[in-house]
Number of protein chains: 2
Amino acid sequence: MSENKPRVLIVEDESDIRRFVRMALESEGYEAYEADTLKRGLIEAGTRRPELVMLDLGLPDGDGVDFIRELRAWTGIPVIVLSARGAESDKIGALDAGADDYLVKPFGAGELLARVRAQFRRHAYADSGESLVSFGDVRIDLARRLVERNGQPLHLTPIEYRLLTFLVAQPDRVITHRQLLTKVWGPSHLEDLHYVRVHMANLRKKIERDPSMPKHVLTESGIGYRFVL
Amino acid sequence: MSENKPRVLIVEDESDIRRFVRMALESEGYEAYEADTLKRGLIEAGTRRPELVMLDLGLPDGDGVDFIRELRAWTGIPVIVLSARGAESDKIGALDAGADDYLVKPFGAGELLARVRAQFRRHAYADSGESLVSFGDVRIDLARRLVERNGQPLHLTPIEYRLLTFLVAQPDRVITHRQLLTKVWGPSHLEDLHYVRVHMANLRKKIERDPSMPKHVLTESGIGYRFVL
DNA sequence: CCCGATTTTTACGGTTTCTTGATACGGGTA
DNA sequence: TACCCGTATCAAGAAACCGTAAAAATCGGG
């Protein structure tokens, strides 16, 4: 191997889209591998060891959600889901199963590359493993369970703190309502969607400069939220 | 012993991970010892006297939490727990039992080393730690087990003294009720939360200028307390 | 065995946090 | 434009949590 390009696996049955995605990725210096079935995709993932997977949910030979589950059994590499317009529930299922982001067809090359870059950034960041995180004018000391804003201690309630740390642990990633409810309130509160709304609003009031124009806790309508640094 | 490298004990049953961790540590100048069972780990800890232990929670021959408890019976050396993805409750149990930090598999070498360095930094500080601490108008002489306020001797009961020193040892950090109960009353009193309340109130009466507006022993509702100098 | 010191219980009022429901907002669509 | 859906916001009531005093039990030294 002469160079050390980041490797991306494309799992997609339509050859047009496959080619489009490959071209976009290669133009930015990524190495692209292709698979046209889920089965083949899992094999390629195991042998090529890509740093990122782009997965079409509408493949004929099985459920994309199962693909993600199998992949997640042995690796945490980011998965970006490509979904057809309107296949909302599939998308959410995929995110719940461990996908990291999604793109709705049709999408442009610029949009695609931006998402890909975000995932690579996130993964590099997650490995650096400091217990100090900061964004905007907020600093979090995870080891001490301490949050401050502009140097002043910022008091968060237990739920607010759990929400924030869960979000911060995976920036740039779409987090579903379901994931938030299970992680913060426990699996028995999957129907209490309004809890999330209320507490998210309270959290925003404390950490965003302008809570009505949030810059870090973004809402993904119909799906959940996304945290960006 | 020709050199004086810091010693780290790895307690882990999977040989791949063991080797990975050892390589990472040795590349940074640590001396690494290995054990593949908890039993063996305890023996090695006793003979090698490491400055740090890396412990996999999922060992076949027993509960990692018990390992930590046994270790804590005779030493306070830092323990970093290696836990499998999603074993949230194990993680908490381990921290309560006295672990100092945790890493979620899979983790990278950079992340691992950052955590290890953090522990050595912290421990070095704690060891060199003056045996004289002071805050507000209180001075504590840890070596002589003596406390005074405004120059006057201040009498603390055994429990109050243990509470205070435990808090003072980790300023700024939130300390959970569980931690206080295990450290001060022992692990069999995890349900006696009211003990903490009563004795904390008594302690505040003795060390705070205005016990109703505490400036050093702050309460974190729903979590525990936080000591600030 | 007695006494003072300490710890454990108990009880209750005050505070913080969470839940709940009502209401307003805002982007998309017919 | 008017409507619909999901979202944000607010404030109340409920629940959980905390501080405190004081009584009861326990401990330890003489």
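By convention in this document, chain letters (A, B, ...) are assigned in the order of the sequence lines, proteins followed by strands, and residues within each chain are numbered from 1.
Nucleotide D:dC10 holds its C1' atom 16 Å from the CZ atom of A:Arg204, rounded to whole Å. Residue B:Leu218 contributes atom CG, which lies 17 Å from atom C1' of D:dC17 at whole-angstrom precision. In this structure, A:Ile159 atom CD1 and D:dC17 atom P are separated by 11 Å, rounded to whole Å. Between A:Glu220 atom CD and C:dG28 atom P there is a gap of 13 Å when expressed in whole angstrom units. Spacing between atom CZ of B:Arg226 and atom P of C:dT16 amounts to 15 Å, rounded to whole angstrom units. The interatomic distance linking B:Leu163 (CG) with D:dG19 (C1') rounds to 15 Å, in whole Å. Between B:Glu208 atom CD and D:dC18 atom C1' the separation is 15 Å, expressed in whole Å. Computed from coordinates, the B:Leu203 CG to C:dT7 P distance equals 12 Å when rounded to whole Å.
Nearest nucleotide to the B:Val198 side chain, out of C:dT6, C:dC18, C:dT10: C:dT10. Nearest nucleotide to the B:Leu193 side chain, out of D:dC18, C:dT20, C:dT7: D:dC18. Taking only side-chain atoms of A:His194, from C-beta outward, the nucleotide of D:dC18, D:dA8, C:dT20 with the closest atom is C:dT20. Nearest to the side-chain atoms of A:Ser221 among the listed nucleotides D:dG6, D:dC17, C:dT6 stands D:dG6. With D:dA8, C:dC18, D:dG19 as the candidates, the nucleotide lying closest to the side chain of A:Pro158 is C:dC18.
One finds no side-chain N or O of A:Thr157 lying less than 4.0 angstrom from the OP1 or OP2 phosphate oxygen of C:dT16. In this model, the phosphate group of D:dG6 is not approached by any side-chain N or O of A:Arg197 to a distance below 4.0 Å at OP1 or OP2. For B:His199, a side-chain nitrogen or oxygen approaches OP1 or OP2 of C:dT8 to under 4.0 Å. Not one side-chain nitrogen or oxygen of A:Lys205 sits closer than 4.0 Å to the OP1 or OP2 atom of D:dA8. Residue B:His155 places at least one side-chain N or O closer than 4.0 Å to OP1 or OP2 of C:dT6. Under 4.0 angstrom from either OP1 or OP2 of C:dC18 there lies no side-chain N or O belonging to A:Trp185. Under 4.0 angstrom from either OP1 or OP2 of C:dT20 there lies at least one side-chain N or O belonging to A:Tyr195. Phosphate contact (OP1/OP2 of D:dA8, side-chain N/O of A:Tyr225, threshold under 4.0 Å): present.
With DNA chain C read from its 5' end, the first of the two nearest nucleotides for B:Asn202 and A:Leu156 is the one closest to B:Asn202.
When heavy atoms are screened at a 4.0 angstrom cut-off, B:Tyr161 is found touching no nucleic acid atom at all. Here A:His177 lies in heavy-atom contact (under 4.0 Å) with sugar-phosphate atoms only.
A perpendicular orientation is assigned to the rings of A:Phe135 and A:Phe227, their planes being inclined by more than 60° (bins at 30° and 60°).
A:Glu208 contributes a side-chain N or O that, together with a main-chain N or O of A:Lys215, makes up a donor-acceptor pair within less than 3.5 Å. Panel note: side chain B:Asp63, backbone B:Val65; a donor-acceptor pair is recorded below 3.5 Å. Listed for the B:Arg226 side chain is no donor-acceptor partner under 3.5 Å among the backbone atoms of B:Pro171.
When the options B:His216, B:Arg173, B:Met200 are evaluated for a side-chain contact (heavy atoms from CB on, under 4.5 Å) with B:Leu167, the one that passes is B:Met200. In summary, of the residues considered (A:Tyr225, A:Tyr161, A:Trp185), a ring pair (Phe, Tyr, Trp, His ring centres under 6.0 Å) with A:His199 occurs for A:Trp185 alone.
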